[in-house]
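A quick write-up on the structure given underneath.
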Amino acid sequence: MSHDTKILCSIFLLLLQYQFQFCTPTDTINNTQSLKDGDLLISSNQTFALGFFTPGKSTNWYLGMWYHKVSEQTVVWVANRGDPINDTSGSLSFDVTGNLVVTGPDRSNPIWSTNVSDPTLAKNSSAQLLDSGNLVVLDSNGVVVWQSFDYPTNTLLPNFRFGVNRKTGLNRFVTSWKSGDDPEPGEYSLKMDLNGAPQPFLYKGSELVWRVGSWIGREWSGVPEMKMDYFNHSYVENQDEVSMTYSILDPSISVRMVLNEFGTLQRLTWNDNEHRWVEIYTGPKKPCDSYNYCGTNGYCDPSNLVKGQFECTCLPGFEPKSAHDWYLRDGSGGCVRKRGWHVCGGGGGFEKVPFAKVPNPWTAHVDRGVKGLKECESECLRNCSCNAYASADVSRGDSGCVTWHGDLMDSRVFTSGGQDLYIRVDAVELAQYLKSQQHSHGKKQGMVAAIAASVTAVSLLAFCLICWLVVKKRRGIREQQHLLFSPDTTTSLEASSMGKHFDESGTNPELSYFDLSIIVSATGNFSLDNKLGEGAFGTVYKGRLPNGQEIAVKRLAKNSGQGAEEFKTEVTLIAKLQHRNLVRLLGYCIQKDEKVLIYEYLPNKGLNSFIFDRTKGSSIDWKMRFNIVLGIARGLLYLHQDSRLRIIHRDLKASNVLLDAEMNPKISDFGMAKIFGKDQIEANTNRVVGTYGYMSPEYAMEGLFSVKSDVFSFGVLLLEIITGRKNSSYIQDNSVNLIGHVWSLWQEGRAVEIVRSWMTESDSDKEVLRCIHIALLCVEESANDRPNMSEVAFMLCNETALPPPKQPAFIFKGADNRPDTSSSARAGAVSINDVTLSAIQAR
């Protein structure tokens, strides 16, 4: 081989070596190498990879880091997140100062740099991708002078230190992506706040939306549900830094915490069998998580919802600033001290609020040297400005002391976790509190005596019942009333509830009883001229009472075998309901063979007569539509949570929402409604009733119904109000239904197009899109995934982050072109859209 040939071969081998320098996995790049499109740095255990990528549907290129072993590309860090490259010309290399730089087509103008001022970097600097997911820059001595862990994007990896370095001023925080396809910094950020007791805060722009709570020695006080079993958590607070970190007990598990573009902090673990990330924690997720949801000096208790009460409560010694606002379930105005309260010299003390997320410590003083709660209490009592106290560290025998010296903000309680919070109260309040505690103790001691007394009470009750039956028999109650209201009649309501609503004469003391002659006169002897509509169980007429009041009269068909049950249900149920967004039952009549319900008359009739009519629909602008949506949501929320009984409507639809003269919505037709027990979650029936197009999948196919069934119906109704189209209308157009049509447009980012026909320039695309988003959450396939009505009402009234909707139910083309009818359509019964009647038949 000639000398020239040897030289050419050597040059060729050098070029070949350079060209394939990254064919063998490597975790390091030095100052003579570069990383281009297609090249990768891979950590030594092959957990992480670094290279250029394009996210989702984007055509832009970024330098980023992702899990290498995970089949689904999951990006955890992005260098040039705000400065994308629009082609494949990206390159990562070292510049003359020894800094890592990312360049595009213009190699002389870096678009990203580590930007470290260190003269030792210019010689023999290198970068290494560690197994932890940390990209580090090393100087010639192997010392780390820069690391990606100091500049996170939207992800917290194990062993990442989140917080503030007080010496250098470095603040390590995470910021969401702008969208799933755009890693540019979004509007949400999670930062460590150093005021009072340091704690992480979630911001939307500059607005505080969620407070994680302060560190109490074993957990963050605001997230006790965050699982700690598989993690080691550590918190450092000293003169040099305030930071937190977590590590994994089993290093084979892949775990990450990410702040997504919707403002939700998620802890996820990779399930290799299912090839997907599994969520093990998410927050914020409930209205009680929202910052200061119940206002100043109030606290949020989600367990109140189970009791049918408003979740907001005033702290001990306080009362609502506006009782009217709290009645309307708006606690944002907060609470004020009760009148006549004296803080000092009045013999006051403290009332305990257990399982609490303590108030925001911005107005608090923290003393780590206090040895216990007794000393902490004494410290608070000595200062007239002290309103509350709590332990600073519950993991070490309640050591340390936090005292609050101003308004108490953003408090809530949990079913478990949190810590004890002690609120300062005056002597009167304290005496009442101590008395209640003694009473509770006395109740336990008296339990045995109560059981014994109950035996006597049962015997006496049995005797009275026998006497009552004898008296009733002698009175000769008409056979029809006896059959209709006897405890043996099978109904959809609990027998105990029935006994509360009807006395022994078969009348309801909470409603007016109308003589049949008055009803006949009011309706012109049920004249056809006064007929409003007709359904399977009878006819609705317009009437006018002698005093001039207009009424709607629902006359049950005499030959309706099912009518007795529905009539009894409606009278019993509506007698208990009082809400401005529910139709009001004025009275009833049971005489001869007639069964009649008398309602308030609503002149604008059903919502369906407006939204599905092109002429009338054009007169309803977005503001009016949104107010109607809010009214329906409030009415449904009342049925589910705030009324004396938990009620499932089971037939919510446009024709069962009536409009008064001011276009305020009122939910009507409770003939199919079911009462749930206090702790009942769902029920099953073999007799599916309701209306096709509004039924949830679990109810239509399995007979399972719950509050989430009504939520599904609300979601369908919300889409119909927004679009002015029936859910079934697209089936008639030989296409998917309305839900499917909106879902397709949503996935393409074109959902607002469906409402262009009636929107004006002043209408807000953002508000409409938010309502479409909420509707899609309500119609998700799984009942567990759907929000409850409390969450729906909160989402409608607040601009909080919304989770991405999952694929909804019933989005495919129907088997036939059947219009929107009730489930009895096959038997010939129909649902009249303009009146409050629904057709029902056994399935």
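Everything numeric here is computed off the predicted structure, so don't read it as measured data.
Taking the side chain as every heavy atom from C-beta outward, Met695 and Ser713 never approach each other to under 4.5 Å. For the pair Pro808/Glu781, no side-chain contact is recorded, criterion being any heavy-atom separation below 4.5 Å from C-beta on. Contact annotation: the side chain of Ser790 approaches that of Leu637 to within less than 4.5 Å [non-hydrogen atoms, C-beta and beyond]. The closest side-chain heavy-atom distance from Leu607 to Arg625 is not below 4.5 Å. Under the 4.5 Å side-chain criterion, counting only non-hydrogen atoms from C-beta, Arg584 is not in contact with Tyr599. Residues Lys542 and Glu550 have side chains in contact (heavy-atom distance under 4.5 Å, counting atoms from C-beta outward). Proximity of Phe355 to Thr415: side-chain heavy atoms (C-beta onward) are nowhere separated by under 4.5 Å. Counting only heavy atoms from C-beta outward, the side chains of Ile667 and His649 approach each other to under 4.5 Å.
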Item checked: side-chain contact (heavy atoms from CB on, under 4.5 Å) assessment of Leu659 paired with Ile628 -> CA-CA 9 Å; Leu659 301 171; Ile628 290 172; 4.3 Å; yes
Next item on the list: Just do the side-chain contact (heavy atoms from CB on, under 4.5 Å) check on Met789 and Val711 with the steps written out, would you?
Entry: CA-CA 7 Å; Met789 286 310 301; Val711 170; 3.8 Å; yes
Notebook entry, point to check: Going through the distances and angles, do Phe514 and Leu597 end up as a side-chain contact (heavy atoms from CB on, under 4.5 Å)?
Noted result: CA-CA 9 Å; Phe514 287 79; Leu597 295 171; over 6 Å; no
Next item on the list: Decide side-chain contact (heavy atoms from CB on, under 4.5 Å) for Phe626 and Cys771; before the verdict, give the C-alpha distance in whole Å, the side-chain angles of both, and the deciding distance to 0.1 Å.
Entry: CA-CA 9 Å; Phe626 186 68; Cys771 286; 3.6 Å; yes
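Note that the SG atom of Cys589 and the CZ atom of Arg555 stand 10.5 Å from one another [nearest 0.5 Å]. Separating the CG atom in Leu639 from the CG atom in Leu582 is a distance of 5.0 Å, to the nearest 0.5 Å. Rounded to the nearest 0.5 Å, atoms CG (Asn581) and OH (Tyr638) are 11.5 Å apart. The CE atom of Met663 lies 4.0 Å from the CZ atom of Phe610; values are rounded to the nearest 0.5 Å. Leu796 CG to Ile774 CD1: the interatomic distance, rounded to the nearest 0.5 Å, is 4.0 Å. To the nearest 0.5 Å, the span separating CD on Glu791 from CG on Leu802 amounts to 11.0 Å.
Between Asp289 and Arg412, at least one side-chain nitrogen of the basic residue sits less than 4.0 Å from a carboxylate oxygen of the acidic one, meeting the salt-bridge criterion. Salt-bridge annotation for Arg725 and Glu720: absent, with no side-chain N of the basic residue lying under 4.0 Å from a carboxylate O of the acidic one.
When every heavy atom of Ile772 is checked against every heavy atom of Trp746, the shortest pair comes out as CG2-CE3, 4.0 Å. In terms of heavy atoms, Phe712 sits closest to Pro697 at CE1-CD, 3.8 Å. Nearest heavy-atom pair across Phe714 and Cys778 is CD2-SG, 4.2 Å. In plain terms, the two heavy atoms of Ser709 and Tyr699 that are nearest each other are OG-CB, 4.4 Å. Asn604 and Asp660 get closest at one heavy-atom pair: ND2-O, 2.7 Å. Nearest approach of Glu600 to Ala552, heavy atoms of both residues: O-CB, 4.1 Å.
At least one donor-acceptor pair closer than 3.5 Å links the side chain of Asn727 to the backbone N or O of Ile739. At least one donor-acceptor pair under 3.5 Å links the side chain of Asp710 to the backbone N or O of Arg650. With hydrogens and angles ignored, the 3.5 Å screen pairs no side-chain donor or acceptor of Lys666 with any backbone N or O of Val657. Of the possible polar contacts, one joining the Glu780 side chain to the Lys806 backbone as a donor-acceptor pair under 3.5 Å is found.
Counting non-hydrogen atoms of other residues, nucleotides and ligands closer than 6.0 Å to CD of Glu799 gives a total of 12 or fewer.
Between the side chains of Glu311 and Tyr293, at least one donor N or O lies within less than 3.5 Å of an accepting N or O. With no hydrogens or angles considered, no side-chain donor-acceptor pair links Thr800 and Asn798 at under 3.5 Å. Counted by atom type alone, Thr264 and Gln266 present zero donor-acceptor pairs between their side chains at under 3.5 Å.
Take Asn788 and apply the side-chain hydrogen bond (donor to acceptor under 3.5 Å, both in side chains) test, not counting sequence neighbours, and it matches no residue.
Remark: of the listed residues Ile721, Val792, Ile722, Ile721 is the sole one forming a side chain to side chain contact (heavy atoms under 4.5 Å, CB included) with Val629. Checking each of Leu717, Asn608, Asp651, Val583 against Asn656 for a side chain to side chain contact (heavy atoms under 4.5 Å, CB included) leaves exactly one that passes, namely Asp651.
Between Cys288 and Cys300, the sulfur-to-sulfur (SG-SG) separation falls under 2.5 Å.
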